[in-house]
Chemist: 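This is the structure, below, for whatever I ask next.
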Amino acid sequence: PQRKPAVLKDIPLGTCISKWTADYLSTHGGSQEVKIHASPVAQLDFINKNFIYRTLPFDTFVKRAAETQHTEYFISQDEKYYLRSLGEDPRRDIADIKKQFPSLAEDIEIPEFFEENQFFSSVFRITSPGLQLWTHYDVMDNLLIQVTGRKRVVLFSPRDAPYLYLTGDKSQVLDIDNPDLSKYPEFAKAQSYECHLEPGDVLFIPALWFHNTVAEEFSVGVNVFWKHLPADCYDKTDMYGNKDPTAASRAIQILDRALKTLEELPEEYRDFYARRMVLRIQSKSYSNNYE
C-alpha cells in the first residue's frame, strides 16, 4: 500500500531454492527451443540493440549461461546470455512458467500477494554472471523472486523520470555507476536505491519504479506480474506487461498531436505556447502525495 519497493525475506518458495542449479535445470527443464539475447559486452542496451537474438535448446542454453568462457559461441568466447521466457506465440500468449516449463514450475511456490484473477504473467529469467540489464519501468506491480545466485538491483522513483533520459520505458543511461554527466547532466539529480538479493529473497517492485539489475553470479529468477489496477486500464494486446495504460497512451498521443500543431506557428510563438503547456501540466501535478 505504501507503493515503495521492499526486499522480503523468509517467504516459503518451495524446493526451487535448493534444487535450481545449472545441472538440475539443464536435466529437468527440457530441450525445447528458447529465444535468447547474446551479447559480446556485459551491459545490455535495448535502445541501440548491442546484442543479437539466437535460439538454443533450453538444456544447452543453461549450460552455456553458467559458463564464463565458451567453447561454442555466437560472437566471442566470453559472450553473455540472457533468457526472458516467452509465451508459445509471443504475439498472443503471455509468459507463464507453469505452461512453458511445467516440470520446473512444480518446484516453486508463488507468494499469494494478489488475487488469482489479477495474475498477468510469470517470467522465467536466466542470466550469465556479470550481465547488466538496462534501466526500465513496468506498468504492473511485480515480485522479483531470486532463486539462484546473487543479484544487485538499483531502483529509481517514478518522480525521477525527468532525470533518466527516457526513450519510451527505458533510460538511455547505461552505466549508472559511472554516468557520462557531460552527456547526461540531469542524471546527477536522480536518487538511486540499491539492494543485493540473495537466493530466496523476493523484491517487490511497484509499477513505474525504474530498475536496473546486475547478475553477480549465474542467476535464475522468476518475475511475477499482476494487474493492480482494474483490468480495463491495460492494453489488451500487451503480452509483455510493458505497454502504458490505455489512458496514458491516449494522453501521450494527444500531446504529440498538440506539439505537432504548434509547428504551424513561428518559433517565438511555438516557444511561448509550449512553455504555457508545460506550466499547465505542472499545475496539474498529482504526485505530491508520496515521496
Side-chain angles (χ1 to χ4, degrees), residues 1-14 16-17 20 83-102 104-127 133-147 151 153 155-159 161 168-170 193 195 197 199-213 219-249 286-287 289-290:
Q2 296 182 45
R3 313 301 306 154
K4 293 182 180 180
V7 177
L8 312 172
K9 294 181 175 289
D10 301 322
I11 294 176
L13 297 172
C16 60
I17 302 302
W20 282 10
L83 167 69
R84 186 253 190 238
S85 64
L86 305 172
E88 298 301 320
D89 181 345
R91 293 169 296 181
R92 296 188 304 174
D93 302 323
I94 61 165
D96 185 347
I97 191 172
K98 292 181 179 178
K99 294 179 179 178
Q100 286 94 48
F101 301 91
L104 296 177
E106 294 177 1
D107 300 334
I108 186 168
E109 297 177 19
I110 304 299
E112 296 180 358
F113 289 173
F114 50 91
E115 299 297 327
E116 187 175 350
N117 63 359
Q118 292 179 290
F119 171 82
F120 176 72
S121 66
S122 52
V123 182
F124 196 26
R125 299 185 192 271
I126 299 179
T127 314
L133 294 186
W134 54 89
T135 303
H136 68 284
Y137 70 86
D138 299 298
V139 300
M140 298 181 193
D141 285 357
N142 82 87
L143 298 176
L144 170 52
I145 302 171
Q146 186 65 18
V147 179
K151 179 173 287 182
V153 185
L155 303 105
F156 300 91
S157 164
R159 296 186 73 171
D169 62 340
K170 303 166 186 67
Y193 302 85
C195 62
L197 302 180
D201 287 350
V202 178
L203 173 62
F204 169 55
I205 306 177
L208 308 183
W209 274 78
F210 297 89
H211 45 286
N212 178 295
T213 66
S219 177
V220 183
V222 177
N223 267 117
V224 184
F225 294 87
W226 68 93
K227 298 178 179 180
H228 68 289
L229 300 178
D232 58 3
C233 291
Y234 300 99
D235 188 326
K236 291 180 174 58
T237 67
D238 184 7
M239 295 297 105
Y240 291 86
N242 59 5
K243 289 188 178 181
D244 291 315
T246 52
S249 294
Y286 301 103
S287 61
N289 60 346
Y290 70 93

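None of the values given here were measured: they were computed from a predicted structure.
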Chemist: Sequence neighbours left out, what pairs pass ring-ring contact (aromatic ring centres under 6.0 Å, His included) with at least one residue falling in residues 220-242?
Modeler: Phe114-Trp226

Chemist: Going by side-chain hydrogen bond (donor to acceptor under 3.5 Å, both in side chains), name the residues that satisfy it together with Lys170, two or more places apart in sequence or in a different chain.
Modeler: none

Chemist: With a 4.5 Å cut-off on side-chain heavy atoms, are Met239 and Leu86 touching?
Modeler: no

Chemist: If I take atom OG from residue Ser121 and atom CG from residue Asn223, how far apart are they, to the nearest 0.5 angstrom?
Modeler: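 Between Ser121 OG and Asn223 CG, I get 8.0 Å after rounding to 0.5 Å.
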
Chemist: Is there any salt bridge (Lys or Arg N to Asp or Glu O under 4.0 Å) pair reaching into residues 88-100, and which pairs are they, with sequence neighbours excluded?
Modeler: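 Every salt bridge (Lys or Arg N to Asp or Glu O under 4.0 Å) pair that includes a residue of residues 88-100, provided the two are not neighbours, is Asp89-Arg91, Asp89-Arg92.
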
Chemist: Please enumerate all residues that pass ring pair (Phe, Tyr, Trp, His ring centres under 6.0 Å) together with Phe113, with sequence neighbours excluded.
Modeler: none

Chemist: Atom CG in Asn117, atom NZ in Lys227: separation rounded to 0.5 Å?
Modeler: 9.5 Å

Chemist: Determine the minimum heavy-atom distance between Asp141 and Ala207, stating which atoms define it.
Modeler: OD1-N, 2.9 Å

Chemist: Could you measure the distance from the CD1 atom of Ile11 to the CD1 atom of Ile110? Nearest 0.5 Å is fine.
Modeler: 11.0 Å

Chemist: Considering residues at least two apart in sequence or located in another chain, which fulfil the side-chain hydrogen bond (donor to acceptor under 3.5 Å, both in side chains) criterion with Asp238?
Modeler: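 Scan of Asp238 (side-chain hydrogen bond (donor to acceptor under 3.5 Å, both in side chains), adjacent residues dropped) gives none.
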
Chemist: Could you check if a side-chain atom of Ile94 sits within less than 4.5 angstrom of a side-chain atom of Phe119, using non-hydrogen atoms only?
Modeler: yes

Chemist: Excluding sequence neighbours, so at least two apart, what forms side chain to side chain contact (heavy atoms under 4.5 Å, CB included) with Thr246?
Modeler: Asp235, Arg250

Chemist: For a 4.5 angstrom cut-off between non-hydrogen side-chain atoms, does Trp20 reach Leu104?
Modeler: yes

Chemist: If we only count heavy atoms from C-beta on, is the Leu144 to Lys151 side-chain gap below 4.5 Å?
Modeler: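 Result yes, sub-4.5 Å side-chain heavy-atom pair found.
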
Chemist: Where do Lys243 and Thr237 land on the side chain to side chain donor-acceptor pair (under 3.5 Å) test, with the steps shown first?
Modeler: CA-CA 9 Å; Lys243 289 188 178 181; Thr237 67; 2.9 Å; yes

Chemist: Can you name the nearest heavy-atom pair linking Gln146 to Ser219, along with the distance?
Modeler: NE2-OG, 3.0 Å

Chemist: What distance do Leu13 atom CG and Ile145 atom CD1 have between them, rounded to the nearest 0.5 Å?
Modeler: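 Going from CG on Leu13 over to CD1 on Ile145, the span is 6.0 Å.
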
Chemist: Is there a donor-acceptor pair under 3.5 Å between the side chain of Ser122 and the backbone N or O of Ile97?
Modeler: yes

Chemist: Partners of Arg84 by side-chain hydrogen bond (donor to acceptor under 3.5 Å, both in side chains), sequence neighbours excluded?
Modeler: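 Not a single residue meets the side-chain hydrogen bond (donor to acceptor under 3.5 Å, both in side chains) criterion with Arg84.
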
Chemist: How long is the straight-line distance from OG1 of Thr127 back to CG of Leu83, given to the nearest 0.5 Å?
Modeler: 8.0 Å

Chemist: Report the residues that fulfil side chain to side chain contact (heavy atoms under 4.5 Å, CB included) with Pro245, sequence neighbours left out, ordered by chain and then residue number.
Modeler: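 In terms of side chain to side chain contact (heavy atoms under 4.5 Å, CB included), with neighbours along the sequence ignored, Pro245 is linked to Val139, Ala248.
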
Chemist: What residues form a salt bridge (Lys or Arg N to Asp or Glu O under 4.0 Å) with Lys9, not counting sequence neighbours?
Modeler: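 Scan of Lys9 (salt bridge (Lys or Arg N to Asp or Glu O under 4.0 Å), adjacent residues dropped) gives Asp201.
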
Chemist: Quick check: do Val224 and Pro111 have side-chain heavy atoms less than 4.5 Å from each other?
Modeler: no

Chemist: To the closest 0.5 Å, what do you measure between CG (Leu8) and CG (Leu203)?
Modeler: 7.5 Å

Chemist: Who passes side-chain hydrogen bond (donor to acceptor under 3.5 Å, both in side chains) against His211, sequence neighbours left out?
Modeler: His136, Asp138

Chemist: Can you name the residues that form a ring pair (Phe, Tyr, Trp, His ring centres under 6.0 Å) with Tyr137, not counting sequence neighbours?
Modeler: Phe210

Chemist: Whether the side chain of Asn142 engages the backbone of Pro206 through a donor-acceptor N/O pair (distance < 3.5 Å, no angle test) should be reported.
Modeler: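 Answer holds: no.
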
Chemist: With sequence neighbours left out, what residues match Phe156 under ring pair (Phe, Tyr, Trp, His ring centres under 6.0 Å)?
Modeler: Phe187

Chemist: I'd like to check Ile205 versus Pro5 (side-chain heavy atoms, cut-off strictly below 4.5 Å). Are they in contact?
Modeler: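 The answer is no; the side chains never approach within 4.5 Å.
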
